[in-house]
Q: 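A single structure is presented below for examination.
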Amino acid sequence: MSTLASPPAAAPSSTAPWTRVSDALRAAPGTKVTVKGWVRTRRDSKAEGGMSFIALHDGSCFDTIQIVAKGDLGNYAAEIARLCTGCSIECDGTIVTNPKGGAEVAAGAADGGAVRVIGWVDDPDKYPIQPKAHSFEYLREVAHLRVRTNTFGAVARVRHCLAMAIHRFFDERGFCWVHTPIITASDCEGAGQMFRVSTLDLLRPLARLQGTGESEEAKKVRAECAAKPGMPPWTYGQVDFSSDFFGKEAHLTVSGQLNVETYACALSNVYTFGPTFRAENSNTARHLAEFWMIEPEMAFCDLAWDADIAEAMLKHCIKAVFEERGDDLRFFDERIEKGLIDRLKHVLESPFKRITYTQAIEILEEAVRSGKKKFEFPVKWGTDLQSEHERYLTEEHFMLPVILTNYPKQIKAFYMRLDEGCAPGRETVSAMDILVPKIGEIIGGSQREERLEKLDQRIDEMGLDKNAYWWYRDLRRYGTVPHAGFGLGFERLILFVTGMQNIRDVIPFPRAPKQAEF
RNA sequence: UCCUCCAUAGCUCAAUGGUAGAGCGACCGGCUGUUAACCGGUAGGUUCUAGGUUCGAGUCCUAGUGGAGGAGCCA
């Protein structure tokens with residue numbers, strides 16, 4: 001079983017012509033190095049003719065390296081003694097062992113050492129990142145500088161580690177990374193509100209023209225627009241998208257799933273890993289308007305294997321962070337979520353609990369009946385589980401990640417495979433959600449409906465337009481195969497692994513309602 | 001979008017309707033192989049915006065803007 005990497009964390013050696021801090025911390029005493037980075041703190045001492053202790057970080061690992069700048073350096077009084085948090089410097093020096101046994105860089109004129117200032121901080125009093133505790137809410141307002149803090153540096157490294165671990169996981173298993181489109185002109189995705197992509201001139205007063213009859217004013221504006229060169233033609237109450245860039249309505253993608261299914265039906269095992277956009281006005285610690293999603297899709301695959309892969313992938317990711325980012329993980333465990341490491345070890349060591357939706361309802365009903373738990377919302381077969389229900393299952397009842405399967409068809413998407421042998425009125429589909437403590441739903445997936453007549457039936461039932469899905473339906477007409485896949489919210493995975501509370505703090509520049517600065 | 005709460009120094013927060021304060025940070029000095037350093041001092045304010053009530057508003061009222069927590073939507 002994987003254990004936490006012991007300090008210093010393993011980091012790939014840099015190819016830079018200077019020494020990265022992660023490498024300097026492990027270098028043998030006596031090694032001559034040049035390090036570059038940003039000052040986190042400076043402390044001075046008058047001992048031994050004066051010296052300054054500078055904590056330097058360069059992002060290569062969690063720890064800073066301490067530079068001991070001796071008073072005999074030519075620029076000591078004029079520059080080194082004036083260094084403050086945020087200044088960028090480079091330092092030539094020698095690796096020595098400090099009284100506490102750690103590596104540090106000694107830089108004195110006698111040994112040919114030097115500290116050169118690369119960039120000063122304008123006004124130290126106004127520098128937004130002071131050497132003190134800051135709230136995450138405040139740091140969100142200075143997102144261009146927050147990555148210089150302990151926490152956001154650690155999040156950035158863990159995010160990278162997880163991204164690479166995911167690619168490795170699929171690559172090692174013969175999956176092909178497919179770049180599904182960001183812009184989609186099919187209006188059939190149906191996974192939520194979409195952002196419009198258009199080159200039409202929005203400054204035209206379309207809003208004034210809406211209504212039931214065409215007013216004199218509307219007629220006038222239309223005539224004006226028609227007369228102006230470059231103005232797109234339009235019909236009353238409706239935009240004429242045939243004159244738009246793509247000749248039809250276009251949006252930012254809400255999922256690459258439908259596209260990636262086409263590749264699964266040729267390459268067998270594929271996945272997407274890219275940005276996803278939802279224009280929902282949701283204001284929570286678990287939603288973003290722009291986020292990254294991983295969507296594997298496997299041909300000749302059923303729901304059970306789908307769940308196997310999802311569980312293996314999550315465990316692989318946790319393991320990778322244990323092995324590669326022990327330094328950052330220890331910080332999260334101490335300062336962000338006490339007990340994080342034990343929680344993750346527990347997840348790593350236990351098989352995920354697998355139950356059907358129907359069994360989940362029975363557990364919830366029993367909890368209510370026995371008085372063990374009170375819910376705000378009623379538990380009833382056929383309705384979607386509320387947050388509180390999901391949290392009870394994963395946090396209180398099982399205290400483990402839970403894979404819920406076989407949901408009632410009416411609460412799931414049209415493309416999910418209809419289960420066979422269901423009692424009338426109790427039809428279910430081969431859907432699967434993975435719930436984890438603290439986050440709730442982290443993965444949603446399903447076996448897809450590969451039978452054309454059943455798929456058509458579902459499209460009709462849900463009042464969708466069959467023609468809009470012509471190429472999706474083609475997959476069922478030309479060599480159809482059972483296939484399955486799932487979607488993993490990348491930022492939710494990062495929350496789960498780091499113990500961070502707010503999804504806006506695990507993506508570099510969060511986009512959410514009323515939030516697109518930077 | 002709904003419910004609840006919040007907005008005061010660079011940051012985190014105090015201040016009964018009656019002279020706007022502390023801690024941290026910054027700056028200056030002292031001490032020190034220091035490392036969440038420590039000790040002393042200094043500077044720092046249009047109390048989110050726009051109205052209103054009042055002799056008087058940081059405090060009460062209305063609207064707006066932004067933020068937090070919860071819910072819905074979902075990943």
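Below, read A as the first sequence line, B as the second, and so on, with proteins coming before strands; counting in each chain starts at 1.
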Q: Which nucleotide in the list B/U34, B/A75, B/G67 gets nearest to the side chain of A/L288?
A: B/A75
Q: Is the aromatic ring of A/F291 within stacking range of B/A75, meaning centres under 5.5 angstrom and planes under 30 degrees?
A: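 One would call A/F291 stacked on the B/A75 base.
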Q: Once you round it to whole Å, what is the distance between P of B/C74 and OH of A/Y407?
A: 12 Å
Q: In whole angstrom, what separates A/R40's CZ from B/A37's P?
A: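 Rounded to whole Å, this separation is 12 Å.
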Q: Over all heavy atoms of both residues, which pair between A/S52 and A/D44 is shortest? Give the atoms and the distance, please.
A: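 Distance-wise, the nearest heavy atoms are OG-OD1, 2.6 Å.
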Q: Between A/S282 and B/G72, is there a contact of a side-chain N or O with OP1 or OP2 at under 4.0 Å?
A: no
Q: In whole Å, I'd like the distance from the CD atom of A/Q66 to the C1' atom of B/A37.
A: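 Atom CD in A/Q66 sits about 12 Å away from atom C1' in B/A37.
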Q: Measure CD/A/E376 against P/B/C3 and give the value in whole Å, please.
A: 15 Å
Q: Examine B/U12: is either OP1 or OP2 under 4.0 Å from a nitrogen or oxygen in the side chain of A/S135? Give yes or no.
A: yes
Q: Expressed as a whole number of angstroms, how long is the span from A/Q386:CD to B/A71:P?
A: 10 Å
Q: For a quick test of reading the model, state the closest non-hydrogen atom pair linking A/S255 to A/T253 and the distance between them.
A: O-OG1, 2.8 Å
Q: Whole-Å distance between B/G44 P and A/K126 NZ?
A: 11 Å
Q: What's the CD-C1' distance between A/Q193 and B/G72, to the nearest Å?
A: 14 Å
Q: I'd like to know if the side chain of A/Q447 and the backbone of A/H483 have a donor-acceptor N/O pair within less than 3.5 Å.
A: no
Q: Under 4.0 Å from OP1 or OP2 of B/G72: is there any side-chain N or O of A/S387 that close?
A: yes
Q: In whole Å, what is the span from the CG atom of A/N150 to the C1' atom of B/A36?
A: 11 Å
